[in-house]
Student: 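Starting off with a structure, shown below.
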Amino acid sequence: MTIEELYRIGALYRDQLATFRAQIQLCGSGTCRSAGAEELQRAFETACEEAGVRAEIRVVMTGCMGLCGSGPLVRIEPGDTMYVHVSPQDAPRIVRDHVLENSPVTEQRLPDDNTFYGRQTPVVLEHMGRIDPESIEDYIAHGGYEALAKAVTYQTPESIILEIRHAGLRGRGGGGYATGLKWDIVRRGSAEQKYVVCNADEGDPGAFMDRAMLEGNPHSILEGMAIAGYAVGATQGFVSVRGEYPLAVQRMRRAIAEAERKQLLGNRIFDSGFSFRVDLRMGAGAFVCGEETALLRSIEGKRGQPAPRPPYPSHAGLWEKPTVVNNVETFANVAPIIRRGARWFGEIGTARSKGTKVFALAGRVRNTGLIEVPMGTTLREVIFDIGGGISGDGTFKAVQTGGPSGGCIPEQHLDIPVDYESLAQAGSIMGSGGIIVMDNSSCMVDIASYFMEFCRTESCGKCVPCRVGTVQMSRILERIKCGRATEQDMETLEELCVMVKDTSLCGLGQAAPNPVISALHFFRPEFERHYRDHVCDAGICRFDDPEHGVEPAHEKGEGAHA
Amino acid sequence: MSVLKSLATVWLSGCTGCHMSLLDCDETLLALPGKARIVYSPLADIKVFPENVDITLVEGAVATDADAALLHRVRKHTETLVAFGDCAVSGNITAMRNGLPNTAVLSRGYGAVGLEMGTVPEDGIPVLNETVLPVHRLVDVDVFLPSCPPSPAMICYVLDELLAGRTPQLNREQMRHG
Amino acid sequence: MHEIRTLSIDGQMISASADATILEAAREHGISIPTLCHLDGLSDVGACRLCLVEIEGQNRLQPACVTRVEEHMVVRTTSARLKKYRRMLLELLFSEGNHVCAVCVANRNCELQNLAADAGMDHVRFDYLHPACTTDATHDRFVLDHNRCILCARCVRVCDEIEAASTLAVAGRGSQSWIVSDLQDSWGDARSCTSCGKCLLVCPTGSLFEKGHTSTDPERKEDFLRYIVNANRRKG
Amino acid sequence: MEKKPTNGDSRHKLLDRALSRHQGRPEALIEVLHTAQDVFGYIPRDVLAYIAAALDIPKSRVFGVASYYPLFSLTPPASHTLTVCMGTACYVNGAAALLEEAKRACGCADGDEITEVRAAHCLGSCGRGPLLKVDQRTVVDADRDAVRREVAAFEEHSHDD
């Protein structure tokens, strides 16, 4: 493969696309598939056939189109017209009226003035929902792998790292560590063997950014990984995909195979001296494997338990070798930066948080889905403009960011800009990008307890404060929920929050108390009403059930019953 | 003239080992009436726990409804409550039945002393709580005196300090469970 | 020739080899830091968190057992906060298992019990969880009592790193973790076990003990590991 | 050396293929366990022993890994699984009530032991919660009725058998 060949493949595919009279693109995300996208695809193919235009119309399943709550979604090109909640019965009419007669169907059509798409700035999602994720040619036709070609042909590893540093790209997994800096440490490592790892073991409940990107544009991730490999001197990459996402696994496996076949991965990429391979590893359901040292252990085939840092993976990672570990979205930002330059990227976002952020918007909000906005956009814009406000007839209560490591932000902080520092100041974190909107039907004690229970079951068990502290905090929260807690319990809970945060070995334990701390900070009266007055404003908690909250003896694992 | 502090000792669910250890204080015990009035104890024939007690040593864990009722009365009428020995402090051996269903505990207990297997008297015995708890899980405790049992020297030290109006400072050995 | 670092621990200026951990440097100079999962001669995992220390200029507490000394490092091994946390960690451990010292084979000779006494743990504020655990007495000579296990994994490491039998491992996860032999075989049926008994010698509690003994050997973990490690080093 | 559990079973061929694809490298343990879970529906004890021997990993460590990860099951599965997503988005949309309903509805069916109810931490279709996973099929915008419908369908099925 040479650059010329790459261009030729792209041009050929674009020519081929131009022969179609129109395109019917169907959102093929896991969500829309569950909502009936595959049946819909067959309906459109049949409709085209019956209209006698099967060969002239391209019916294609793309990646996630974003507006998940309104799926199944269909886009008609040319014209960029979107249809929402499309059912198989709608297919013949859309084909006849819109595709053939060019008079768009009014029902189900997304209005042009919708704020959902209008307020977004797609960078990593630019081609998502528009290209066929199972076709490497489609990716190439949209400029794919040009950044890799440019990098390995014309640029030095140093200049690439400089570009990434100038762009100000920071880790999108939530930590916000400067990506260029991390790469530079690995590049300067003296080891002969180095690794690049893509952390696609997405586990935050309520987050699906990685899933959408893996399913919708896997090559953009591979291209970013390969560029990283070139920059740091690694020849082997691993992408660790969450095992609960079979479609993402399948699409990524296919993408790797296709890229190898096209020699975009493998030996001497673009006839340079650079060789790079990627292997896929399937996660096996442990949330803690989102923590990088735990992730590396699981790639090595071991129990995915975190290890003390330092040493950091950039010094001693996979098999003790220098290793770049970045999140899916971080890698997806790399090719756009190399293609369009650090300056372009730096103009998006805020002074300290450059670029855009992909969020998964869900919960009690009208427009749920996948969005991408410039850093610095306010939460209010995200929830009320893009999200269209609260769904149903509830009123806004809080927004949860950062998953089990984050916190709930109340109304008075909705105007803070979404960036690493501002969210931390408001007592939450950016996290990987889940945004869950809650209305008055949610009880904050219940939510705090929900997250603590999550951390309790996801604790790896290695260090004492996380393994036992989360159990004890969970029990106290459960007592508050059923009105059996005392002032002493509240004191103990707060002491445990601080202690578990300060003494736990890894990020999971250190952040496990965050949802409780934030709930106590903003919603303390709600806790007090629970344990003093036995009142739950949301009507979730039960105080009258004599059985509720009386826990049976603590069960242990298999060793207990053997 | 009533400058003597009042002292009570209480026996909840435990083996009386802590009280035995108290008796092992030997000649020190003989001096006790000069320092304190003993107002309630399983070693004395007093039926009702009195009011306005200065110091109460509580032996044993809370295992029955009767334990809980007595403990609440003790707390209400005691100035300084001492969790006396490991059962009071942690539940200890008494709490080893936690995790077993009460029916299993009762039928084993009553079966083992020669009654017909599984014949558990229904009246006249306190009702077992589902979970045996240490004293501090029900009421506030002022002084914890672990060990199984606390040594006579340790008991004497704690009593001397409390009767002198001081808070006992346990050393490392005295702090040991077991 | 070793590179030397100079640092301060609890106000005492000390020098240590550059590859020494804070724990090694401190102990060499008679400064004691409590540990539970650490044992000289075994790899360190930083799991029990008892050896956490404060390092000036760092927000996070660091485990002394795995943190290397650095030039001009200023370390504090005791502070009101550290004392409080250590006591809480021990309370958590006591609450997690069934640690009934009075009937334990390791009573008066137990690292957990001693550390609790050192920490002034006169009672445990957390709920005792009273897990329903079993005891594996199928081995001819040894007993594994899960009730008293604190999951420090010293037995797992000695079995793996010193005896190289790898009979024992940690299974499950979180609060549902337990020590397993082979494929969850009864210990007596675990064919990989060499019955060397090293796991008993390193167990800090009464979880692993020899049949027919009413108390554990007070010297059990002191010297044998250093002896083996040194002997192996001389051979290597 | 552990013997192959049974002979001539095509499922073991798939397992052997996975083992040879990874050339018996110990780091392939999790990948091989995935294959075993896929082909057997769970990981039987003799398969664990076989994998341990093939990858030359101590048995205890294989068990440690297999029992660590929630996606691996060491016991045979029920004939149907009803999974309620308890991700945050589903939770704020009432997933807890669904889970309760699922347990209640399947409690009725307990006699045949055909259905296992599980709570998932997040299935990743948060835009259309609450989600219900019926064996491998995902139902979006689920409600109590959907739960009852699916459980009833299981029961009908089991009577057909």
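Throughout, a chain's letter reflects where its sequence line sits, starting with A, and its residues are numbered from 1.
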Student: Which of parallel (below 30°), tilted (30 to 60°) and perpendicular (above 60°) describes His139(C) and Phe142(C)?
Tutor: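 Judged by the thresholds at 30° and 60°, the geometry between His139(C) and Phe142(C) is parallel.
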
Student: For chain C, which of Ser504(A), Cys466(A), Pro311(A), Ala307(A) has the most heavy-atom pairs under 4.5 Å?
Tutor: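 If we count pairs closer than 4.5 Å to chain C, Ser504(A) comes out on top.
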
Student: Apply salt bridge (charged side-chain N to carboxylate O under 4.0 Å, His left out) to residues Arg125(C) and Asp489(A) and explain how you reach the verdict.
Tutor: CA-CA 9 Å; Arg125(C) 288 167 301 164; Asp489(A) 277 328; over 6 Å; no

Student: Look at Leu93(C), Leu50(C), Asp44(C) and state which one has the largest set of heavy-atom pairs under 4.5 Å with chain A.
Tutor: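 That would be Leu93(C).
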
Student: If I measure from the heavy atoms of chain A, does Glu91(C) come under 4.5 Å with its side chain, its backbone, both, or neither?
Tutor: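 Interface part for Glu91(C): neither.
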
Student: Would you list the pairs meeting ring-ring contact (aromatic ring centres under 6.0 Å, His included) in which at least one residue belongs to residues 452-502 of chain A, sequence neighbours left out?
Tutor: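 Sorted pair list: Phe287(A)-Phe454(A), Phe454(A)-His121(D).
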
Student: Only one of Asp140(C), Val143(C), Leu208(C), Ile179(C) passes side chain to side chain contact (heavy atoms under 4.5 Å, CB included) with Trp187(C); say which it is.
Tutor: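 Single pass found, and it is Leu208(C).
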
Student: Flag the one option from Lys462(A), Arg467(A), Gln510(A), Glu458(A) with the top tally of heavy-atom pairs under 4.5 Å to chain C.
Tutor: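 It is Arg467(A).
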
Student: Could you work out, with side-chain contact (heavy atoms from CB on, under 4.5 Å) as the rule, every residue matching Glu54(C), not counting sequence neighbours?
Tutor: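 Expected list: Leu61(C), Arg76(C), Ser79(C), Arg81(C), Leu82(C).
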
Student: When only pairs under 4.5 Å are counted, which of Cys460(A), Pro310(A), Gly461(A) shares the most heavy-atom pairs with chain C?
Tutor: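 So the answer, after comparing Cys460(A), Pro310(A), Gly461(A), is Cys460(A).
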
Student: Could you check whether atom CZ of Arg352(A) has more than 12 heavy atoms from other residues, nucleotides or ligands sitting under 6.0 Å from it?
Tutor: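 Open.
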
Student: Between Thr457(A) and chain C, which part of the residue has a heavy atom less than 4.5 Å away: side chain, backbone, both or neither?
Tutor: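 Only the backbone of Thr457(A) comes within 4.5 Å of chain C.
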
Student: What part of Val498(A) gets within 4.5 angstrom of chain C, counting heavy atoms only: side chain, backbone, both, or neither?
Tutor: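 Both backbone and side chain.
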
Student: With a 3.5 Å cut-off and no angle check, do the side chains of Ser207(C) and Asp145(C) form a donor-acceptor pair?
Tutor: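 On atom types as modelled, these side chains do not qualify, holding no pair under 3.5 Å.
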
Student: Checking Thr503(A) against chain C: side chain, backbone, both or neither under 4.5 Å from a heavy atom?
Tutor: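 Contact with chain C involves both backbone and side-chain atoms of Thr503(A).
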
Student: Can you confirm whether the side chains of Tyr245(A) and Glu202(A) place a donor and an acceptor under 3.5 Å from each other?
Tutor: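 Note: Tyr245(A) and Glu202(A) side chains meet the donor-acceptor criterion.
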
Student: With chain A, which of Ala171(C), Cys48(C), Pro63(C), Gly46(C) has the greatest number of heavy-atom pairs at distances under 4.5 Å?
Tutor: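 The option with the most such pairs is Ala171(C).
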
Student: Taking side chain as everything from C-beta outward and backbone as N, CA, C, O, which of these in Ile150(C) sits under 4.5 Å from a heavy atom of chain A? Side chain, backbone, both or neither.
Tutor: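 Ile150(C) touches chain A through backbone heavy atoms alone.
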
Student: By a 4.5 Å heavy-atom criterion (distance strictly below it), what part of Leu52(C) contacts chain A: side chain, backbone, both, or neither?
Tutor: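 Interface part for Leu52(C): side chain.
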
Student: Can you tell whether the side chains of Asp127(C) and Arg475(A) come within less than 4.0 Å, N to carboxylate O?
Tutor: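 Looking at Arg475(A) together with Asp127(C), the answer is yes, because their closest N to O distance falls below 4.0 Å.
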
Student: Quick one: of Lys501(A), Met499(A), Gln305(A), who has the most non-hydrogen atom pairs under 4.5 Å with chain C?
Tutor: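 Heavy-atom pairs under 4.5 Å are most numerous for Met499(A).
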
Student: Measuring heavy-atom distances to chain C, does Ile476(A) have an atom under 4.5 Å in its side chain, in its backbone, in both, or in neither?
Tutor: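 Neither part; nothing is under 4.5 Å.
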
